Amino acid sequence: MASCERSPRSGAAPRPLRSAQAADVASASSFRAFEMLHLHLDLRAEFGPPGPGPGSRSLSGTAVLELRCLVPEDAAELRLDSHPCLEVTAASLRREQPGSEEPSTEPVPFHTRPFSHYGQALCVVFPQPWRAGERFQVQLTYRVGEGPGVCWLAPEQTAGKKKPFVYTQGQAVLNRAFFPCFDTPAVKYKYSALIEVPDGFTAVMSANTWEKRGPNKFFFQMGHPIPSYLIALAIGDLVSAEVGPRSRVWAEPCLIEAAKEEYNGVIEEFLATGEKLFGPYVWGRYDVLFMPPSFPFGGMENPCLTFVTPCLLAGDRSLADVIIHEISHSWFGNLVTNANWGEFWLNEGFTMYAQRRISTLLFGPAYTCLEAATGRALLRQHMDVTGEDHPLNKLRVKIEPGVDPDDTYNETPYEKGFCFVSYLAHLVGDQDQFDNFLKAYVDEFKFQSILADDFLEFYLEYFPELKKRKVDSIPGFEFDRWLNAPGWPPYLPDLSPGDLLMKPAEELAQLWVTEELDMEAIRAVALSNWKTYQLVYFLDKILQKSPLPPGNVKKLGETYPKISDARNAELRLRWGQIVLKNDHQEDFRKVKEFLQSQGKQKYTLPLYHAMMNGSEAARALAKETFASTASQLHSNVVNYVRQIVEPKSS
Ligand code: BES
Ligand code: ZN
């Protein structure tokens, strides 16, 4: 398929094609006119000094795009997504010659056109328009140094601090700054890559086969069609260790033992539970790469090779929900993909639902509801800050021209999406039936990119009884309202199975709110047996009730060094938020140390918001911390922090 418009289901009558929003791609006219069959990257990595000059750090080589013409009217020119940081120096065309064994190769003219602040169009001009069905290859010679798609890290920015590191982060629209492509999730294709690295480095990619070719070359192949945003590369001082029959962890040598310890034996359980619920795991291997600390996400579901923050190395497996989340994307997101970033909830809302199904089977409903309550609290916080009616608080978001989809990122697609999927399960009324439906949904749309309408139509066809009952238009719960109205979800799944764990945390939080602390009652609570997420829940409650009466936060910190001196990132985040909301300046340095130790966006931005909403001292801390960390952070995160600490004067 060349675009999001999926083919009619076998047996079903063809329907009018639905067109996707595609305001975020310069290639919109071409990705409908040409089918992308294959991409091959042949790149050499050089770790020189930063900056432009000769010998500076860069990837250079060729991208070969294999294409087929679909719509001859638009086939005189190929428009690709690119970025000013890609220096394209040559374009050539290869095609079969009728009556000749040898394909012909000829240079073709190309030029760039401005598109938006996050990319530009690269236009390749053909000698004559293509006819429908014709296949050809476009070879682009290029180099990419500094830019938002390829993240170069100096040795000091790695865990081992000995060798430099480079990685790519494609989602949502950054891979156009890695290679020229149709940078839309509507388009899927297979890829291969040959990566040459300097002595002593290892390359890994999101591919299902790889082999070492000679001492310095790595060859990768992805045999299933995937969207551009899932192509990912990392090169560094990397070693691996087996943790399951189809899984290994990759990390810098100094982290490999910890990585192995954290996940040995458990990943297979997560995968097998996913398969039981959602159908075969098609990607072959499931490996995990522990990234340097500045990696901006908890996890990124690059197929076959999830990239994760080293913060997951908590020593007690307490943050495994992130791995389960990324594994869940193997079905929701990587097999069935949102056709455009306005439908991001199809990736993340389903994935949250799948993650919590796996978690329920493995850890039970109480723990899973507790974790879901933490998610709900994040949604509450987000909507309180933005106002419920904010247009981003819709499941289906309109991405206007010029808007970077990453700038629309928030909790809504995750947690409101989770509520919608839970609501649809609630309408079905039987968990087994709904699980089977999800399996059928994945099978139906695998390797395709879809819109919410495709999903909902399938849902109503699968459950004809519900269709007859017109469940799509129950007043207050209309599917249209779910998708297109901003605001708090009209239905919330019942999380009361978590009460067992949540109630004690709520009661304890209540004890900390009074002016006169009842230390006896407080000491009677055996917090030392609590799971991390129970502590997180407790801290969220404390944060909601903050500022506490003077002195209470200091006392709280002294009473629970397990919290105030935690190494666990989820606890450090909450402690930092509490410290700031209570202006507990004694612990300000812990906020700074935490922000210096890692660069995850979801930890970094809330802490800067809290600092800027705090006292003068807190605002000074924000400026000082940003000055000392900006050079370490991902470029998107730098921009977002800058918007917080340097608000534009109106
Ligand atoms: N795919 C996302 C990360 C992402 C989203 C990258 C948007 C770029 C743009 C990933 O699956 C994710 O949601 N990660 C979460 C995990 C959490 C919900 C368990 C994270 O990083 O916090
Ligand atoms: Zn996700």
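Both backbone and side-chain heavy atoms feed into the values below; hydrogens, waters and symmetry mates do not. Both counts, for ligands and for their atoms, begin at 1 and track the order of listing. Not measured: the values here are computed from a predicted model. Note that the numbering runs from 1 along the sequence shown for the chain.
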Colleague: Are any of the side-chain nitrogens in E343 or R396 under 4.0 Å away from the carboxylate oxygens of its partner?
Modeller: yes
Colleague: Quick one: sort the Y409 and F344 rings into parallel, tilted or perpendicular, breaks at 30° and 60°.
Modeller: tilted
Colleague: Aromatic rings F594 and Y603: how do their planes relate, parallel, tilted or perpendicular, breaks at 30° and 60°?
Modeller: tilted
Colleague: Can we call the ring centroids of F307 and Y167 under 6.0 Å apart?
Modeller: no
Colleague: What's within reach of the Zn ion (ligand 2), meaning protein N/O/S atoms under 2.8 Å?
Modeller: H325 NE2, H329 NE2, E348 OE1, E348 OE2
Colleague: Parallel, tilted or perpendicular: which one describes the rings of Y533 and Y367, with boundaries at 30° and 60°?
Modeller: perpendicular
Colleague: Starting from the N and O atoms of ligand 1, find every protein N or O within less than 3.5 Å and list the pair with its distance.
Modeller:
residue, atom, partner, partner atom, Å
ligand 1, 1 (N), Q171, OE1, 2.7
ligand 1, 1 (N), E301, OE1, 2.6
ligand 1, 1 (N), E301, OE2, 3.2
ligand 1, 1 (N), E348, OE2, 3.2
ligand 1, 11 (O), E301, OE1, 2.9
ligand 1, 11 (O), H325, NE2, 3.3
ligand 1, 11 (O), E326, OE1, 2.8
ligand 1, 11 (O), E326, OE2, 3.3
ligand 1, 11 (O), H329, NE2, 2.9
ligand 1, 13 (O), H325, NE2, 3.2
ligand 1, 13 (O), E348, OE1, 3.4
ligand 1, 13 (O), Y414, OH, 2.6
ligand 1, 14 (N), G299, O, 3.2
ligand 1, 14 (N), E326, OE2, 3.3
ligand 1, 21 (O), G298, N, 2.6
ligand 1, 21 (O), G299, N, 3.3
ligand 1, 22 (O), K602, NZ, 3.3

Colleague: Between R380 and E388 (salt bridge meaning N to carboxylate O under 4.0 Å), is one present in this structure?
Modeller: yes
Colleague: Check this for me: does any side-chain nitrogen of one of D435 and K439 sit under 4.0 Å from a carboxylate oxygen of the other?
Modeller: no
Colleague: Who pairs with N264 by side-chain hydrogen bond (donor to acceptor under 3.5 Å, both in side chains), at least two apart in sequence or on another chain?
Modeller: none
Colleague: For residues 170-187, which side-chain N or O atoms pair as donor and acceptor with protein atoms under 3.5 Å away, sequence neighbours left out?
Modeller:
residue, atom, partner, partner atom, Å
N175, ND2, S228, O, 2.8
N175, ND2, I231, O, 2.9
R176, NE, V173, O, 3.4
R176, NE, D183, OD2, 2.9
R176, NH1, D24, O, 2.8
R176, NH2, D24, O, 2.8
R176, NH2, D183, O, 3.3
D183, OD2, R176, N, 3.2
T184, OG1, A186, N, 3.0

